[in-house]
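Encoded as structure tokens, the structure appears first; notes follow it.
The chains referred to below are lettered A, B, ... by the order of the sequence lines, with proteins before strands, and numbering in each begins at 1.
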Protein chains: 2
Amino acid sequence: MDDVAIDREQAVRPRRGRPPVSDRQRQRQRLDISRHAVRLFAEHGVAATSGEQIARAAGVSERTLWRYFRSKESCVEPLLANAIDAFRAVLRAWPAELELTEHLRAAYTPVLDSASDADLEAVLAVVRMTRDEPALRAAYLMLRERSEDTFAEVLAERSGAAPDSVEIRVQAAAMSAVLKVATDHLAHVTAAGITSETLRRHREDVAAAVELVIRGLSDNT
Amino acid sequence: MDDVAIDREQAVRPRRGRPPVSDRQRQRQRLDISRHAVRLFAEHGVAATSGEQIARAAGVSERTLWRYFRSKESCVEPLLANAIDAFRAVLRAWPAELELTEHLRAAYTPVLDSASDADLEAVLAVVRMTRDEPALRAAYLMLRERSEDTFAEVLAERSGAAPDSVEIRVQAAAMSAVLKVATDHLAHVTAAGITSETLRRHREDVAAAVELVIRGLSDNT
DNA sequence: ACTTTACCGGCAGCCACTGCCAATAAAGCT
DNA sequence: AGCTTTATTGGCAGTGGCTGCCGGTAAAGT
């Protein structure tokens, strides 16, 4: 009765050897390394931080570091991805009866749900670094683009259009672009410190701009 | 009387040694290398193409190759930048009395002005490759973001707002996002060959989407 | 205990990329 | 025409990011 639940993949069927590390734990490990990497990047710069240093700081061998990350710069991904996921989660929770602006104003806060303020500070530090570190900027832009898929799913569900239609893709990309500009701005104005006022203003900016973009694009044809 | 004209830089003052290569010629050289690199990337993939191969194909030493490009993937930049510049030029030529949609419909053609059709084919090939080559995608996204500055200048001049204001940045980024999606789509549908019908449709898509984005965002406040 | 499966660390090596230096090209001056 | 000056080029050695490979070990089942 317990190994009958063969739904997909290899199901629960009793396996033989050592079980693979759970995705949960793997992501924890990646996030931990990410925090160390970002700190080192901020302290000494990306070029002056070696993979060996990151590995030592995180308490793993260099070999395993390269198993967890394909490049030095991609070490910042887990932290940034968490921040972006926070917005994706808010978007998914968008109730049908509400205008998007209202929902964002009520639910969107750039402080990560389960993470500490230190992570938010680190994320903004990375965004600030992307100004002078092209490799970091590239990694950041790649992450932002990946999030467009989720945006497209939600927007498609709302409008009834296909998630991979050009119209939906355009809306998702435009929304992502708005978030990028707003986040860059937030990173810039918080260089001297984060205040609740700047965060409030950021939420307001995002809510207003996203609404305008989506309204403009969905009034189509 | 002839070395008095010190306005800025070194002016016209008769210099002594070998003159530096003109930017014109340097860009020609970069473009030439770029064509070879893209061809090799398309034939064997990025990973299987070495810097030495690119250098040999372009007829320069490997050392000078690295002087012209900071990374292997950035060898695609000149070709892509030309294509993006074509749109920037169209945008700059936007006459005051015309709606943006009308202007784009009339003036925008993704065929490069002074370059051959082979270059357009190569550009679309690169965009197609970015689907499976993350490094190329990253380079592509970086170029697109750089073009946002020019977009912002033009849009700022139109609306009277500052080019680095959040509103203008949002418009420029959204416009860039629209172009990105439309270009990805064009690259996808032209995989089997370019027809004038697909190009016409592309122009139509871009004109319509850009207009909607800008209209939505500039009706602000 | 024994087998099986998966993660981990060390080692050797490839290659992208850089610093350094000698060689050469292209200009002006005498 | 030589000499001087400045800039580009190419070779060569070295660094470091990153990978393939392999043996050791952990965690499961039998």
Side-chain angles (χ1 to χ4, degrees), chain A residues 2-3 9-30 32-33 36-37 40-41 44-77 133-136 138-139, chain B residues 2-3 9-30 32-33 36-37 40-41 44-77 133-136 138-139:
Chain A
D2 42 77
D3 64 334
E9 290 166 337
Q10 59 266 44
V12 198
R13 182 149 14 105
R15 306 242 352 237
R16 276 288 304 235
R18 170 183 186 168
V21 173
S22 70
D23 285 0
R24 212 37 158 221
Q25 191 157 353
R26 186 180 172 81
Q27 286 192 358
R28 290 246 173 228
Q29 178 81 299
R30 279 173 55 90
D32 182 58
I33 296 175
H36 287 285
L40 290 172
F41 286 165
H44 314 113
V46 177
T49 303
S50 69
E52 188 193 353
Q53 285 175 307
I54 300 174
R56 257 194 290 112
V60 296
S61 79
E62 199 180 340
R63 189 61 188 84
T64 36
L65 173 67
W66 300 130
R67 269 201 262 282
Y68 275 82
F69 296 95
R70 29 198 158 76
S71 69
K72 193 168 69 170
E73 301 79 29
S74 66
C75 288
V76 304
E77 282 181 7
E133 301 272 6
L136 290 191
Chain B
D2 43 76
D3 64 334
E9 291 165 337
Q10 58 267 45
V12 199
R13 179 154 14 112
R15 303 239 354 225
R16 275 288 304 234
R18 170 184 187 168
V21 176
S22 69
D23 285 0
R24 210 49 157 210
Q25 191 159 351
R26 186 180 171 82
Q27 286 193 359
R28 290 242 175 234
Q29 178 80 301
R30 279 174 56 91
D32 183 58
I33 296 176
H36 287 285
L40 290 172
F41 286 166
H44 314 113
V46 177
T49 302
S50 69
E52 188 194 351
Q53 285 176 305
I54 299 174
R56 258 195 289 114
V60 296
S61 79
E62 198 179 342
R63 188 62 188 85
T64 39
L65 174 66
W66 300 130
R67 267 199 264 274
Y68 275 81
F69 296 96
R70 4 180 188 95
S71 70
K72 192 168 70 169
E73 302 78 29
S74 65
C75 289
V76 304
E77 282 180 8
E133 301 273 5
L136 290 191

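- To the nearest angstrom, C1' of D/dA7 lies 15 Å from CD of B/Q29.
- Rounded to whole Å, the distance from CD1 on B/I54 to C1' on C/dC17 is 13 Å.
- Distance from the side chain of B/P19 is smallest to C/dA26 among D/dG11, C/dA26, C/dC17.
- For the pair B/E62 CD and C/dC20 P, the interatomic distance rounds to 19 Å; values are reported in whole Å.
- Residue B/Y68 has its side chain nearest to D/dT9 when only D/dC18, D/dT9, C/dG9 are considered.
- Put simply, the side chain of B/R63 and the base of C/dG19 share a donor and an acceptor less than 3.5 Å apart.
- The OG atom of A/S61 sits 7.0 Å away from the CZ atom of A/R67 when rounded to the nearest 0.5 Å.
- Taken to the nearest 0.5 Å, the CG atom of A/D23 stands 11.0 Å off from the CZ atom of A/R30.
- Of all nucleotides listed (C/dC8, C/dC7, D/dT6), C/dC7 comes nearest to the side chain of A/V21.
- With rounding to whole Å, A/L65 atom CG is found 16 Å from D/dG16 atom P.
- Within 4.0 Å (heavy atoms only), B/S74 reaches no atom of the nucleic acid at all.
- Put simply, CZ on A/R67 is 10 Å from C1' on D/dT19, counting in whole angstrom units.
- Within a 6.0 Å radius of CZ in A/R70, no more than 12 heavy atoms belonging to other residues, nucleotides or ligands are found.
- Regarding A/E52, its CD atom lies at a distance of 14 Å from the C1' atom of D/dC18, rounded to whole Å.
- When distances run from any side-chain atom of A/P20 to the nucleotides D/dG10, C/dC17, C/dA6, the shortest one goes to C/dA6.
- Residue B/G17 is the one, among B/G17 and B/V60, whose nearest nucleotide of DNA chain D lies closer to the 5' end (criterion: closest heavy atom).
- Side chain of A/R18, nearest nucleotide from C/dA6, C/dA16, D/dC18: C/dA6.
- Rounded to an integer number of Å, the gap from CZ of A/R16 to C1' of D/dA26 is 16 Å.
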Derivation and outcome, side-chain contact (heavy atoms from CB on, under 4.5 Å), residues A/R26 and A/Y68: CA-CA 9 Å; A/R26 186 180 172 81; A/Y68 275 82; 3.7 Å; yes

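- With values rounded to the nearest 0.5 angstrom, A/Q53 atom CD is found 11.5 Å from A/L65 atom CG.
- Distances shown here put a side-chain N or O of B/T64 below 4.0 Å from the OP1 or OP2 atom of D/dG10.
- Rounded to whole Å, atom C1' of D/dG16 lies 12 Å from atom CD of A/Q53.
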